[in-house]
Every structure is written in structure tokens, then in C-alpha cells.
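What follows is one structure encoded as C-alpha cells, with my remarks underneath.
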Amino acid sequence: MATTQVTVFPSAAALAEGVAELFAVRATEAVEERGRFRVALAGGTTPLAAYRRLAAPPWADLVPWGSVEVFFGDERSVGECECERNDAAAREALLLHVPIPPENVHPVPALAPDGARRYEALLRERLSAPAPAVPVLDLVLLGLGEDGHTASLFPGHPAAAETERLVVRVDGAPKEPPSRVTFTLPLLNAARAVVFVVSGREKRAALSRVLAGERRLPAACVEPPDGERLFFLDRAAAGED
Ligand code: 6PG
């Protein structure tokens, strides 16, 4: 059974600080214990403040960047340099400002017709998890949509019901752009820890439904049975302001 922990921060800035600290602490622990820290970054706008905070002292100086491998929980199928890409936003906010070896950052080939299968193969290879094993990420950062989606798993869409594939293509997503590539629940639920980073009053309703276990919402189905499920919230999202 996943262990769930909810942490409410007094502001969006404190939330960003808390996420940066979590990343630095988990990275240090993982490298000490297993020699590597494999993390999947979230897309969207919420985590960008945390990425920028992580790129600065003291957190940036604590992370053993040479032993960190970065993946992306989902990617938008837009042009390589288009600012809409989740990896482009993460590079601008974090990855270009820390000494992570370029080969340790794994963008999703989201425009390629076989991009999902290629990314699944990459994850299996980098995490030494040939089928039928499921790669185990140390930490997965996730956002939350107002409809209860996370990564690019949207309510009622086939990708949210996938039980075998680890990475799939999404077409017709209700959030622009419509075409994406996303981790699926089997991969998310194999993680040692997932952390939902949620900020703002507009997320309050979806968050309540997720915490109540409304399983029609893909975010509510992210519960690593052998891992941690963390909710890092600001007061606005938690309904405390
Ligand atoms: C994306 C994200 C998506 C995002 C949520 C929240 O590609 O947009 O993967 O799941 O995390 O929609 O987005 P905001 O943080 O911008 O509110």
C-alpha cells in the first residue's frame, strides 16, 4: 500500500523551496545507496519555480549531478525547439544551469511515430529493467490538472487505462497540444516515490477529489504500492487561505 503524505507550504515560493529540497535530499540518498538518482520531471508551469530554485544554492551545490539521470513524465508533440515542450522549459529553468552531463538528460522523441516505444526501450535500458520487469524510478515529479489529469493521462482517455505499456502516445488530449507522449500508470506506480506539486486555488477541487480517492481521475490512480505518494501543496491549493 502506498504511503501518502501531504505537506502544505505557506506560499508558492515556499512550495518551490520544499520541492528543491526534496529533490536534493532524495538525489543525495539515492546516489549514496545505489550510485544513481533517476528522476522524471513534470511538465506544465507549476514546477518551474521549483526547478529555478533547484538551480541555485544551496540545493544545486548539494546534488551529485554527475550521477543524476533525468527523464520526462510526458512530452508535448511539438517542434524540437518550440517553447511548448516540457523538456525545453526544464532546460531553461534548471538543466542548462547545473553541471549535469548532457548525456544524462533524456528528451522524449515525441514527434517520432514510434517515439513512445523508443522511450520505453530507453527507460528499460537505462534502468536495467528488460520486460517483463518495470523500471523503478527514484522520484517522479507530477503536476495536477483541474480535471484530475496528471502527466498526459486524462480522464476517460485510453492512455489512463493502459495496464501493459509503460509509455504511450496520446492523441486528442483536452489540453493543448492534443498530441503527446506519456508515462502510464504501470510505470508511475513502480516508482520509489512520486510527488504531486500543486499550487493555486484553481486546483483545490481536483486535489480534493484525488485525495478522496476518486479513481475516475487518473491522478487518483497514481499510488505506488511499494513506494511513497507525496503531495506538496501551497495553502491556496490546500484550501487553507
Ligand atoms: C503538461 C503536464 C500536465 C501539467 C498539468 C498542470 O504537459 O502540461 O504534463 O500534466 O502538469 O496540466 O499544469 P500546470 O502546472 O501548468 O497547471
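In each ligand, atom 1 is the first atom listed, and ligand 1 is the first ligand listed.
- Between the side chains of Asp234 and Ser11, no donor-acceptor pair of N or O atoms lies under 3.5 Å.
- A 6.0 Å sphere centred on CD of Glu162 holds more than 12 heavy atoms belonging to other residues, nucleotides or ligands.
- For atom 6 (C) of ligand 1, the closest heavy atom belonging to the protein is Leu144 O, 3.6 Å.
- Using a cut-off of 4.0 Å between Lys/Arg side-chain N and Asp/Glu carboxylate O, Asp241 and Arg204 are scored as salt-bridged.
- Taking the ring centroids of Tyr119 and Phe72, they lie at or beyond the 6.0 Å cut-off.
- Ligand 1 has Arg180 within reach: a non-hydrogen atom of the residue lies less than 4.0 Å from it.
- Ligand-side atoms of ligand 1 in range of Asn86: 7 (O), range being under 4.0 angstrom from any heavy atom.
- Under 4.0 Å from ligand 1, not a single heavy atom of Glu75 appears.
- The nearest protein atom to atom 15 (O) of ligand 1, hydrogens excluded, is given as Thr46 OG1, 2.6 Å; this is a heavy-atom distance.
- Atom 5 (C) of ligand 1 has His149 NE2, 3.4 Å as its closest protein atom, hydrogens excluded (heavy atom only).
- Against a heavy-atom cut-off of under 4.0 Å, Arg76 is close to the following atoms of ligand 1: 1 (C), 7 (O), 8 (O).
- Between the side chain of Thr182 and the main chain of Ser152, a donor-acceptor pair closer than 3.5 Å is present.
- The list of salt bridge (Lys or Arg N to Asp or Glu O under 4.0 Å) pairs with a residue in residues 99-115, not counting sequence neighbours, reads Asp114-Arg118.
- Note: Phe23 and Phe37 have perpendicular aromatic rings, judged against thresholds of 30 and 60 degrees for the angle between ring planes.
- Contacts between Leu142 and ligand 1, counted as non-hydrogen atom pairs separated by less than 4.0 Å, are absent for every part of the residue.
- Using a 4.0 Å heavy-atom cutoff, Lys203 is listed among the residues neighbouring ligand 1.
- Of the residues Leu137, Asn189, Asp74, the one that meets the side chain to side chain contact (heavy atoms under 4.5 Å, CB included) test with Phe183 is Leu137.
- Here Asp74 has side-chain heavy atoms under 4.0 Å from ligand 1, and that is the only part of it that gets that close.
- Every pair passing salt bridge (Lys or Arg N to Asp or Glu O under 4.0 Å) that includes a residue from residues 129-146 is listed here, sequence neighbours excluded: Arg34-Asp138, Asp138-Arg192.
- Within the 4.0 Å heavy-atom shell around ligand 1 one finds Ala151.
- Checking Glu146, Glu202, Lys175 against atom 13 (O) of ligand 1, the nearest heavy atom belongs to Lys175.
- Here the heavy atom of the protein found nearest to atom 16 (O) of ligand 1 is Thr45 OG1, 2.7 Å.
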